[in-house]
Amino acid sequence: MEPLVRSLTILGSDLSLWLLMLAAVPLGMLFGAIPGLGGKLGIVMSIPLVFGMDAVHGSVFLVAMHAVVHTGGSIPSILLGIPGTGPDAATVCDGYPMAQKGEAGRAIGASLAASAVGGVFGALFLAVLIPVVQPTVLAFGPAEFFALALLGITFIGSVSGRDLHKGLLVGAFGLMLSFIGSEAQTGVQRFSMGQPFLWDGVEVTIVMLAVFAVPEALALAGEGRVMQQPPDAGGYAMADLWEGIVDVARHWWLTLRTSFIGAVIGLVPGLGGDVASWVCYGHAVQSSKTPERFGHGAVEGVIGPEAANNSKEGGALLPTLFFGIPGSSGMAVMLGAFVILGIQPGPEMAREHLDLVWVLIWTLVVSNILAAAMFLAIGRWVVLAVHVRAGLLVPFVLLMTCTGVLLAASHWQNLGLLVGLAALGFGFKRCDWPRAPLAIGLVLGPVMELSLHQSLTIWGPGFLLRPIAGMLLLATLATVVLSVRYKGRIRATP
Amino acid sequence: MPRLDRSVAVCLLVVFAGMSIVALGYQYEARLMPLVVGLPAIALTIAQLVKRPPAAPVRDRMASRAEIVALAWLAAFAALVALGGVVVGGAIAVALTQRAWLRESWRTALIGGASSAALLFFVFERQLGIALFQGLLMERFR
């Protein structure tokens, strides 16, 4: 109870946290609303803004922004039939037909209310699970953390792309990058080639910006547009929005069910928002007495995926914060951002920083409610953002990227590193190599190395045979085997 | 795009092999983890290269050229920031990329450059009190 009270004291006594949430929520909605940007880019682009902030302020800003990305992402899905972010694709199925029928406002209202309920549900889900997870985390030693990190990289590598090989290789590349610089045990300079800018290792920020932000910006520039055609179904009145909000109350049981499914999916490392929204869309169809209405503008087809999209963030924060294993690719980037802010996810969070975890839970609750409320006030401008030209956006993204690099590490040579890694990141994107495992490898590398050395010192080479570590190792092998079999079957299907 | 796919794999192979070879020269504690990761990664990359590539989607040459141009602009952008600093070099880079690469009007490009410089200066230098990189040229002439 003490951390919960402390978190309320922190939030109650610090007005700047509320102001940060007020600034982060519209920003997150903008990142979601502009097709091609999304939450991952939102986090990496916001990293320069959180420099100089302490861990609480920086993480509140990032979590508030990330929590509402899908709330904004539903807008182009409904108005234009083009998802703002990947997980909003399921909303297109019924949201866009609703807009074409003249029910855009109702669809947006339902999306806003379902997103808010889902987001709050996800936060409460995380809060309820803390007492269960805390003793588990504290029971983990270095052997278990090494095995868990191995499982995390394998899991993300296997589910975040079509090819397990590629996922594992990108994860290994992230690990190798994390070994650059001074080695913690011996102080030996590794792979720095005598270059002072590499002595402290490769900054996580630079890799995040290079691999996530730049390729998206270059791809946008290549496409030459974000959205230029005017919305043909964009007109709506406040009364329409209200009708959609009432729809969510009318379908409260579906909203709660899909929120729960979304939060549980968020818990599983690597599954992420796409799975959550499509599973919940499927659930909405299956549980409906009139499934034939779906695809033609059924409001339940908007409520299901939107509730799941936001609720999964609460679930995804749990493995991210307590085990250092991100629950989704967005959380992988968030994990890197946490490290930049000086937060080291893992057992320390359960032991020392539980008040921060509670602050983040409250942030999820407040930001989701704020997003719905703010949309009623600034919705028209958010809709306009959908039409921003790439020519206006891309140079600014590149400038913020360079600024972020130079703020993260003062050596100008890091700009060269940015260009090299961005070229590779662009190659990854073009050839469908998953990029999330790189972030995870980079962040987990030092933890894995330290855990390995500690485990070898304490238990010797047999440390992986300890019960929990052994089980995690078996889970890693099972992940590989199942992934190979599943993807082999997909390839065999014509 | 199998050629680009192979190039990415070759890049990774060079990185894994190079780092593993270099790691052999370190003492036990420093070389253990790079080798634990590097050696299996080399084997996996070779397997990836040997694997029959998926059927190439039809893509026109223009798209590949546009991507090379995009990367060249990124390099030029970074070089301008390195030389002129975040505020001045960045503003020039924004204006140039908007006009010369993204075909925006001169007016838009100039407004874009000026507003970027103003935003960076007032938000970072004035409000947040962060000293931004001033550029190699400025450092040289100071």
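Naming: A, B, ... by sequence-line order, numbering from 1 per chain. Every heavy atom of this structure was used, including side-chain atoms; hydrogens, water molecules and symmetry mates were not.
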Review point. Taking A:M448, A:R190, A:E449, A:Q185 one by one, which has the highest count of heavy-atom pairs under 4.5 Å against chain B?
Key: A:R190

Practice item. Tell me, for A:L406 versus chain B, whether the close heavy atoms (under 4.5 Å) come from the side chain, the backbone, both or neither. Key: side chain

Practice item. Let me know if B:T108 has heavy atoms under 4.5 Å from chain A in its side chain, its backbone, both or neither. Key: side chain

Practice item. Answer with side chain, backbone, both or neither: which region of A:M53 has an atom nearer than 4.5 Å to a non-hydrogen atom of chain B? Key: neither

Point to revise | Check: A:T401 and B:F77 side chains under 4.5 Å, non-hydrogen atoms | key: no

Check your understanding: What part of B:L96 gets closer than 4.5 Å to chain A, counting heavy atoms only: side chain, backbone, both or neither?
Key -> neither

Check your understanding: Is the closest side-chain heavy-atom distance between A:F426 and B:L4 below 4.5 Å?
Key -> no

**Study point:** Smallest separation among heavy atoms of A:C402 and B:A78, with atom names
**Key:** SG-CA, 4.3 Å

Revision key, fill the gap. Closest non-hydrogen contact found for B:L120 with A:L399 is CD1-CD2, 3.5 Å

Exercise for review: Please examine the side chains of B:L32 and A:H453, heavy atoms only from C-beta on, and report whether any two atoms are closer than 4.5 Å.
Suggested key: yes

Point to revise | Closest contact, heavy atoms only, A:C431 versus B:V8 | key: SG-CG2, 4.5 Å

Exercise for review: Look at B:L132, B:V81, B:L119 and state which one has the largest set of heavy-atom pairs under 4.5 Å with chain A.
Suggested key: B:V81

Check your understanding: Taking B:V94, B:T97, B:V36, B:V86 one by one, which has the highest count of heavy-atom pairs under 4.5 Å against chain A?
Key -> B:V94

Exercise for review: Go through A:F191 and B:Y26 one step at a time and tell me if the ring-ring contact (aromatic ring centres under 6.0 Å, His included) criterion holds.
Suggested key: CA-CA 10 Å; A:F191 313 116; B:Y26 299 140; 5.5 Å; yes

**Study point:** B:L83 and A:W412, any side-chain heavy atoms less than 4.5 Å apart
**Key:** no

Check your understanding: Side chain, backbone, both or neither: which part of A:L392 has an atom under 4.5 Å from a heavy atom of chain B?
Key -> both

Practice item. Just give me the residue among A:G420, A:G445, A:G427, A:P395 that pairs up with chain B most often, heavy atom to heavy atom, under 4.5 Å. Key: A:P395

Check your understanding: Heavy-atom distance under 4.5 Å between the side chains of B:W101 and A:V394, does that happen here?
Key -> yes

Practice item. Could you tell me which portion of A:L175 (side chain, backbone, both or neither) has an atom closer than 4.5 angstrom to a non-hydrogen atom of chain B? Key: side chain

Review point. What closest approach, in Å, do B:A70 and A:L218 show between heavy atoms, and which atom pair accounts for it?
Key: O-CD2, 3.8 Å

Check your understanding: Between A:L169 and chain B, which part of the residue has a heavy atom less than 4.5 Å away: side chain, backbone, both or neither?
Key -> both

Review point. Non-hydrogen atoms of chain A under 4.5 Å away: do they reach the side chain of B:L12, the backbone, both or neither?
Key: side chain

Point to revise | Identified salt bridge (charged side-chain N to carboxylate O under 4.0 Å, His left out) counterpart of B:D5 within the set A:R430, A:K166, A:K429 | key: A:K166

Point to revise | Beyond-backbone contact of B:S20 with A:M176, side-chain heavy atoms, under 4.5 angstrom | key: yes

Point to revise | Portion of B:A79 that has a non-hydrogen atom of chain A nearer than 4.5 angstrom | key: neither

Practice item. Pick one of side chain, backbone, both or neither for B:A93, based on which atoms fall under 4.5 Å of a heavy atom in chain A. Key: neither

Review point. Contact part of B:F133 toward chain A, heavy-atom cut-off under 4.5 Å: side chain, backbone, both or neither?
Key: side chain

Review point. What part of A:V405 lies closer than 4.5 angstrom to a heavy atom of chain B: side chain, backbone, both or neither?
Key: neither

Check your understanding: Does atom CZ of A:F396 have more than 12 heavy-atom neighbours from other groups under 6.0 Å away?
Key -> no

Point to revise | B:L71 versus A:A423, closest heavy-atom pair with distance | key: CD2-CA, 3.8 Å

Exercise for review: Counting only heavy atoms closer than 4.5 Å, note whether B:A23 contacts chain A via side chain, backbone, both or neither.
Suggested key: both

Review point. Of all of B:Q27, B:Q98, B:M19, which one pairs up most often with chain A through heavy atoms under 4.5 Å apart?
Key: B:M19

Exercise for review: Measure A:F179 against the heavy atoms of chain B and call it side chain, backbone, both or neither at under 4.5 Å.
Suggested key: side chain

